[in-house]
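A quick write-up on the structure given underneath.
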Amino acid sequence: SIQDQNLLYTIAEVLEVNPEELEYALTHRTLTTMAAGGGVESYQVPQNTIQANAARQAVQKDIYNRMFTFLVKRINVALQTGGQNTRLSMRKIARNIAEDEHLSIGVLDIYGFEIF
């Protein structure tokens with residue numbers, strides 16, 4: 001089980017999921033085997049501490065990746081539309097940026113610097 005239940009409930013609230021289901025998903029895995037006659041059987045197997053930590057880290061990486069991808073997509077849309085109705089459009093007008101000038105943004109994350 002997860003030691004810090006308050007943290008579990010906070011994370012579940014942020015992710016808008018049931019805390020008990022989140023805990024179960026992080027501490028168990030599904031094992032699927034072939035049954036006699038070609039059928040498939042699935043079992044829920046508890047994970048040890050090392051496996052549960054690896055599952056937690058995989059979820060963390062996936063959440064980070066999804067957030068980063070979401071932000072990059074939103075930024076790209078804003079850049080493609082010239083930042084209509086954003087502070088960017090006000091700055092563009094104020095600086096009289098040419099329409100054919102390319103806009104870009106640099107992002108520094110834990111994996112390095114990227115330009116979009």
Side-chain angles (χ1 to χ4, degrees):
S1 81
I2 295 177
Q3 293 176 350
D4 189 343
Q5 291 293 307
N6 289 330
L7 182 58
L8 173 70
Y9 278 80
T10 300
I11 293 168
E13 183 179 347
V14 169
L15 295 176
E16 298 180 352
V17 298
N18 179 296
E20 290 79 20
E21 290 177 6
L22 177 60
E23 181 173 21
Y24 192 83
L26 292 172
T27 59
H28 290 75
R29 64 187 168 101
T30 302
L31 181 63
T32 304
T33 61
M34 294 296 290
V40 176
E41 292 181 352
S42 295
Y43 305 93
Q44 299 298 317
V45 180
Q47 299 191 92
N48 64 36
T49 303
I50 293 170
Q51 293 168 324
N53 285 335
R56 182 199 66 221
Q57 290 173 346
V59 170
Q60 290 171 328
K61 288 178 184 178
D62 187 58
I63 290 170
Y64 176 84
N65 180 49
R66 289 172 188 244
M67 287 175 49
F68 187 81
T69 301
F70 170 79
L71 289 173
V72 168
K73 285 180 180 179
R74 291 294 302 257
I75 290 167
N76 284 338
V77 167
L79 291 175
Q80 290 169 358
T81 62
Q84 296 171 355
N85 301 320
T86 67
R87 290 184 182 179
L88 175 62
S89 63
M90 301 287 208
R91 289 187 202 134
K92 184 175 177 181
I93 292 167
R95 288 190 273 155
N96 198 19
I97 296 173
E99 287 299 320
D100 61 344
E101 187 173 332
H102 296 287
L103 300 174
S104 66
I105 186 166
V107 178
L108 178 62
D109 69 355
I110 61 173
Y111 296 109
F113 191 76
E114 310 213 12
I115 295 183
F116 300 93

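Throughout, residue positions are numbered sequentially from 1 according to the sequence presented.
E23 and I2 get closest at one heavy-atom pair: OE2-N, 3.0 Å. Of all heavy-atom pairs spanning A12 and P19, the tightest one is CB-CA, 3.6 Å.
Under a hydrophobic-cluster definition in which Ile, Leu, Val, Met, Phe, Trp and Tyr are linked whenever side-chain heavy atoms come within less than 4.5 Å, directly or via other members, Y24 and L26 are assigned to different clusters. Hydrophobic clustering (ILVMFWY, side-chain heavy atoms < 4.5 Å, transitive): Y64 and V14 are in distinct clusters. Note on F70 and L15: separate hydrophobic clusters, where clusters join Ile, Leu, Val, Met, Phe, Trp and Tyr whose side-chain heavy atoms are under 4.5 Å apart, directly or indirectly.
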Kindly determine whether Q47 and T27 satisfy side chain to side chain contact (heavy atoms under 4.5 Å, CB included), including the steps that lead there. CA-CA 5 Å; Q47 299 191 92; T27 59; 5.7 Å; no

Please lay out, stage by stage, how Y43 and T33 fare under the test side chain to side chain contact (heavy atoms under 4.5 Å, CB included). CA-CA 8 Å; Y43 305 93; T33 61; 3.5 Å; yes

Take L71 and T69 through the side chain to side chain contact (heavy atoms under 4.5 Å, CB included) test and state the conclusion after the steps. CA-CA 5 Å; L71 289 173; T69 301; over 6 Å; no

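For residues 26-53, the set of pairs meeting the salt bridge (Lys or Arg N to Asp or Glu O under 4.0 Å) definition, not counting sequence neighbours, is empty.
Residue-environment remark: CG (L7) exceeds the threshold of 12 foreign heavy atoms within 6.0 Å.
Applying the salt bridge (charged side-chain N to carboxylate O under 4.0 Å, His left out) test to D4 and every residue at least two apart in sequence or in another chain returns nothing. Considering only residues two or more places apart in sequence or on other chains, T49 meets the side chain to side chain donor-acceptor pair (under 3.5 Å) condition with none of them. Residues forming a side chain to side chain donor-acceptor pair (under 3.5 Å) with Y9 (at least two apart in sequence, or on another chain): E20. Under the rule for a side chain to side chain donor-acceptor pair (under 3.5 Å), the partners of D62 that lie at least two apart in sequence or sit in another chain are R66.
By the 4.5 Å heavy-atom criterion applied to side chains, N6 and L8 are not counted as neighbours.
Hydrophobic side-chain contacts under 4.5 Å tie M34 into a cluster, directly or through other members, with V40.
With rounding to the nearest 0.5 angstrom, the CD atom of Q51 is 13.5 Å from the CZ atom of R56.
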